[in-house]
Amino acid sequence: MGGSCRFFAIACFSVGVAACSRRDASATATESATATATASATASATASASGTATAGADPLLTANPVAAKSIGHTSYVLKLTLADGSRAVFKPRSRRPLGDRRYRSEIAAYRLAHALGLDNVPRAVPRSFDAATLRHLQPDFDRDALPDPDGRIRGALMPWIDAYRVLPLEEASWRSRWEPWLTDASITIPEDQRPLAAAISTMIAFDYITANWDRWSGANIAEDGASHAVLYVDNDGAFYDNPPPDALTRQLALLRRVVRFSSSFVDALRTLDGPKMRDAFGEETPGQPLLSDRAVKEADARRRTVLGAVDSRVDDAGAAAVLAFP
């Protein structure tokens with residue numbers, strides 16, 4: 001699935017797991033729900049007009065597409081040019097396996113990361129467009145897309161990033177470098193590699209919480225070439241109501257081998273309890289929760305499992321050794 005998501009961007013970057021901003025979960029949920037309603041209303045009002053966004057508005061939330069190109073492989077993904085000239089990636093509801101819901105996972109992963117103070121997950125917002133507009137721009141639209149009965153097509157919209165390069169951390173040459181940093185407390189991490197090590201450590205825990213079975217299938221970890229921030233991309237394998245059990249087992253086994261974690265990330269996990277996590281995920285549209293109750297409850301249970309693994313390490317080796325990253 002990695003090839004489908006080589007072109008994401010985020011609004012702000014920093015090296016490793018340091019957050020560029022922190023807002024509480026309720027504010028994130030409110031902003032997301034408001035943005036969804038605003039985007040839908042604006043798109044409806046301007047679909048038959050020039051498609052230009054309102055002056056000062058966020059084009060990701062308001063601008064309509066003027067060009068589209070299919071770039072996906074496993075997932076159905078469109079590269080869009082928006083009316084203001086910006087580019088974006090649209091992952092709509094599709095006829096592909098579980099394609100009627102997987103786009104929500106992109107949004108949920110971004111919202112969870114944001115609530116945890118992480119800027120490693122590309123921004124993803126819920127958008128809907130007039131299906132007729134995309135049908136006109138993309139000839140193969142109806143082969144894959146799954147519009148709603150009202151003629152609109154829902155999905156996750158993400159900014160495009162030009163300076164994108166894949167980090168093939170799953171390859172043997174890379175894994176032999178980073179895995180000892182995280183699994184062997186006697187290994188000294190080179191100072192210039194500590195941000196990368198911290199980002200991988202947090203990603204392992206984050207992926208277990210989200211139950212993202214697809215991280216290590218190839219090209220699902222990236223770097224912004226301009227900022228060198230590590231990006232956790234292609235998150236549509238997360239938050240299934242029935243996550244693949246074998247994948248979860250492998251994720252948990254890897255997590256339990258990790259001996260170094262980010263202290264700020266662990267603190268954020270302790271704060272984001274079940275109700276706050278539910279608020280962070282919020283709604284796809286007003287009155288429609290983004291994730292099912294089951295998906296939220298299981299994500300919270302996995303959050304507690306991560307904290308249990310960290311606490312067990314701290315009991316054995318001490319907080320200074322285990323909480324080794326900021």
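Everything quoted here is computed from the prediction, not taken from an experiment.
Here the OH atom belonging to Tyr232 is positioned 11.0 Å from the OG1 atom belonging to Thr210, to the nearest 0.5 angstrom. For the atom pair CG of Leu307 and CZ of Phe261, the computed distance is 10.0 Å after rounding to the nearest 0.5 Å. Here the straight-line distance linking atom CG of Leu157 with atom CZ of Phe90 works out to 6.5 Å at 0.5 Å rounding. Interatomic distance, Leu231 CG to Ile221 CD1, rounded to the nearest 0.5 Å: 10.5 Å. Atom CD of Glu298 sits about 11.0 Å away from atom OG1 of Thr305, to the nearest 0.5 Å.
Looking at Asp58 and Arg123, a side-chain N of the basic residue comes within less than 4.0 Å of a carboxylate O on the acidic one, giving a salt bridge. With salt bridges taken as basic N to acidic carboxylate O contacts below 4.0 Å, none links Asp207 and Arg250. Contact check on Arg303 versus Asp300 returns a salt bridge, with a Lys/Arg side-chain nitrogen under 4.0 Å from an Asp/Glu carboxylate oxygen.
Hydrophobic cluster membership differs between Leu146 and Tyr76, with clusters built from Ile, Leu, Val, Met, Phe, Trp and Tyr side chains linked at under 4.5 angstrom. If you chain together hydrophobic residues whose side chains sit under 4.5 Å apart, Val259 and Ile204 never meet in one group. Both Phe206 and Val322 are part of a single hydrophobic cluster, where members link through side-chain heavy atoms under 4.5 Å apart.
Listed for the Arg260 side chain is a donor-acceptor partner under 3.5 Å among the backbone atoms of Trp181.
For the pair Arg175 and Trp216, the cation-pi criterion (under 6.0 Å, within 45° of the ring axis) is fulfilled.
Inspection of the Arg177 and Gln193 side chains reveals an N or O donor paired with an N or O acceptor under 3.5 Å.
Using a 4.5 Å heavy-atom threshold, the side chains of Arg302 and Gln251 count as separate.
Taking the salt bridge (Lys or Arg N to Asp or Glu O under 4.0 Å) definition, one finds that Arg101 meets it with nothing, sequence neighbours left out.
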Trace of the side chain to side chain contact (heavy atoms under 4.5 Å, CB included) decision for Leu78 with Gln138: CA-CA 9 Å; Leu78 296 175; Gln138 174 50 239; 4.0 Å; yes

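Residue pairs meeting the ring pair (Phe, Tyr, Trp, His ring centres under 6.0 Å) criterion with at least one member in residues 289-322, sequence neighbours excluded, do not occur.
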